[in-house]
Amino acid sequence: MPYLPCDLALSEFWLVIFYFHCVLFPVFPIFVDLRFSDVNNGSLDPSSPRGVLDSCFRGSESEASFKENTTQSESPSKSRALTNWSRFFKLWKKKSTKHLRTFHPLAMPKLSREKSRSTREDPDLTHIYNYRSSLKEFTLSELQTATKNFSSENLIGKGGYAEVYKGCLQDGTLVAVKRLTKGTVDEKTCGFLCEIGIIAYVDHPNTAKLVGCDSDGIHLVFQLSPLGSLASILHGSKDKPDWSKRYRIALGTANGLTYLHEGCQKRIIHRDIKADNILLTEDYEPQICDFGLAKWLPRQWTHHNVSKFEGTFGYFAPEYFMHGIVDEKTDVYSFGVLLLELITGRRAVDHLQQSVVIWAKPLLDSNDIRELVDPSLGDNYDAEEIDRAVLTASLCIEQSPILRPKMSQVVILLRGDEDNAQSVKESQKQTHRRTYSEELFDAQEYNSTRYLSDISRFKEIALGS
Ligand SMILES: Nc1ncnc2c1ncn2[C@@H]1O[C@H](COP(=O)(O)OP(=O)(O)OP(=O)(O)O)[C@@H](O)[C@H]1O
């Protein structure tokens, strides 16, 4: 999977976007909304663990919020989305009562600050241990013993920033030891603190379980996920999961994301939802991992602006790659791409660098379920679950964020939970709260053709194809 390097800095990226707009779409000045929207600078919430990490990040990014504007205009894409919503409610009436065991994210207890038992001197780690007194501190030699000195036979995963080794602790517990490999010492420390600051705080059955870390700050120790990542079983093995497992993975991931967005005391945007970052327990319960790019978002901020493009091409929401905007809806978009992977069995971007969104969009619009569904599933799937998943995916990848559901609505949509149907309907009727990115898209009269063409152009530039 092509990974967009962090060194694709915003300045270079704007050159690319400038090229789009000057050469391809000269009539739309892209900066217009940035200048004319009511943008206020926010400040870091000192109570957030991100505040602890402030010094690492201050100056590299900016955050902004704006006054909400409730006016909106109809666009072809909005009416198509409304059709999707009404298709969904029709489908709902057909009734599906089959429910998988799920965890209600909002039912999870919220973490409270416990009195620090830590005597550690590092203030950042002490702060983190305040949240999770159960975290263990390992010595490097303990981790070396556990992983057979980080031998290649224990290497189970490699990402853009880290290598992950299988390990066995002295008490027999199997763990995954993530060793940060890329960057300078300062960058590694930053990455480590950023990830641990969030992963130590979250606690949900559908998020990865941190066991501890080392005192040098370059190793994170997680519970081992015996099946590895979703990417490895969906794309890397002949024994692909059947539909009921895929459905369980979709629902569990949606629950985990709902918890991050709506169930935690702080809003957490993951920013790198993809098949490689969904780990699986032996009963195919998904666990979201890799919080290296995750962000806290104070409640009063509508969005966050990034100055560096990080993440994985194929999962980027249009407002992210066009304007660097990050909010819950950028995660919803990535989840929609993940859902398409589960339905179609295709990669977000395949070896021919074809995007699953570009491939699936016409089929989603014509509701061509037969063509969409992974041929390897044959007819072995629950048609109602597939219908719900297809509709949910098409809503999640809407180009305009306002038309994408919130993650809690995604859970309701996927479950086909009749009891909550009314509340989703009601929330759809409510006045839409416009986000900054929606203003941008309306101003540009962004349409489906331009959306697909921008994705294609971006793909060409990012992947050099
Ligand atoms: N707890 C775990 N159990 C089993 N395998 C794991 C575990 N954690 C990570 N892995 C494997 O290691 C891979 C890389 O891990 P991770 O995504 O955390 O690294 P990263 O360098 O931060 O990746 P990215 O490039 O996406 O930022 C995962 O895709 C997965 O295959």
Side-chain angles (χ1 to χ4, degrees), residues 1-8 135-136 138 143 146-147 150 152-169 173-183 187-200 202 204-213 217-237 249 252-253 256 269-295 306 308-316 331 334 337-338 341 347-349 462:
M1 171 65 57
Y3 195 92
L4 259 199
C6 335
D7 38 344
L8 180 59
L135 289 183
K136 281 192 200 150
F138 295 93
L143 298 181
T147 59
F150 297 100
S152 53
E153 69 185 84
N154 282 40
L155 185 68
I156 50 171
K158 223 173 177 170
Y161 299 101
E163 285 169 352
V164 180
Y165 293 84
K166 183 177 173 175
C168 182
L169 300 179
T173 310
L174 291 176
V175 290
V177 182
K178 179 169 176 175
R179 177 159 74 165
L180 303 183
T181 48
K182 296 271 163 66
E187 281 164 355
K188 278 186 203 158
T189 309
C190 251
F192 171 88
L193 287 174
C194 181
E195 181 155 7
I196 198 174
I198 291 184
I199 190 72
V202 301
H204 186 270
N206 297 116
T207 56
K209 301 286 162 285
L210 184 71
V211 176
C213 59
I218 55 163
H219 296 97
L220 292 167
V221 182
F222 293 92
Q223 268 179 19
L224 183 78
S225 294
L227 297 181
S229 71
L230 170 60
S232 63
I233 62 150
L234 190 60
H235 305 307
S237 83
I249 293 165
T253 307
I269 316 299
H270 184 279
R271 292 183 60 210
D272 201 12
I273 290 297
K274 59 177 179 178
D276 297 273
N277 288 342
I278 307 298
L279 300 173
L280 299 169
T281 65
E282 65 249 308
D283 53 354
Y284 288 84
E285 197 58 46
Q287 294 184 325
I288 299 169
C289 75
D290 193 357
F291 286 75
L293 297 184
K295 294 275 176 238
V306 295
K308 273 202 294 193
F309 281 84
E310 297 170 290
T312 310
F313 178 75
Y315 295 87
F316 287 160
D331 275 353
S334 308
V337 178
L338 186 83
E341 284 186 83
R347 289 175 187 271
V349 178

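For the numbers below, each heavy atom of this structure counts, side chains included, while hydrogens, waters and symmetry mates do not. Counting starts at 1 for both ligands and their atoms, following the listed order. Because the structure is predicted, anything quoted here is derived from the model rather than measured.
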Of Val164, Leu220, Leu230, the residue with the heavy atom nearest atom 9 (C) of ligand 1 is Val164
Inspect the contact between Asp290 and Lys274 and indicate whether a charged nitrogen and a carboxylate oxygen are less than 4.0 angstrom apart.
no
Could you tell me whether Tyr161 approaches ligand 1 through its side chain, its backbone, both or neither, with non-hydrogen atoms closer than 4.0 Å?
both
Arg179 CZ to Leu220 CG distance, which is reported to the nearest 0.5 Å:
13.0 Å
Specify side chain, backbone, both or neither for Lys274, according to which of its non-hydrogen atoms lie closer than 4.0 Å to ligand 1.
side chain
Can you list the ligand 1 atoms lying under 4.0 Å from a non-hydrogen atom of Ser229?
31 (O)
Just which atoms of ligand 1 are under 4.0 Å from any heavy atom in Lys178?
16 (P), 18 (O), 19 (O), 20 (P), 22 (O)
Validation row: Thr312, Asp276 side chains within 4.5 angstrom (heavy atoms):
no
Are side-chain heavy atoms of Val177 and Phe138 found at a separation under 4.5 Å?
no
Which heavy atom of Asn277 sits nearest to which heavy atom of Asp272, and what is that distance?
ND2-O, 2.8 Å
Side chain, backbone, both or neither: the part of Ser225 lying under 4.0 Å from ligand 1 by heavy atom:
both
With a 4.0 Å heavy-atom cut-off (strictly under), which part of Asp272 contacts ligand 1: side chain, backbone, both or neither?
side chain
Quick check: Ala162 and ligand 1, any N/O pair under 3.5 Å apart?
yes
Determine the interplanar angle of the Tyr165 and Phe150 rings, folded into 0 to 90°, and report it as parallel if under 30°, tilted if 30 to 60°, perpendicular if over 60°.
perpendicular
Value for CD1 (Ile273) from CD1 (Ile278), rounded to nearest 0.5 Å, stands at 5.0 Å
Please check whether Asn277 reaches ligand 1 - meaning an N/O of the residue sits under 3.5 Å from an N/O of the ligand, judged on distance alone.
yes
I need the atoms of ligand 1 closer than 4.0 Å to a non-hydrogen atom of Leu279, numbered in the order shown.
1 (N), 2 (C), 5 (N), 6 (C), 7 (C), 8 (N), 10 (N), 30 (C)
If we only count N/O pairs under 3.5 Å, is Glu195 in contact with ligand 1?
no
Check each atom of ligand 1 against the heavy atoms of Ile156 and keep those under 4.0 Å away; list them by number with element.
4 (C), 5 (N)
Just wondering, do Ile218 and Phe192 contact through their side chains at under 4.5 Å, heavy atoms?
no
Relative to the heavy atoms of Ala176, which atoms of ligand 1 are at a distance of less than 4.0 Å?
1 (N), 2 (C), 3 (N), 7 (C)
Thr281 to Leu227 - nearest heavy-atom pair and separation
O-CD1, 3.3 Å
Would you mind running through ligand 1 and noting each atom that sits below 4.0 Å from a heavy atom of Phe222?
1 (N)
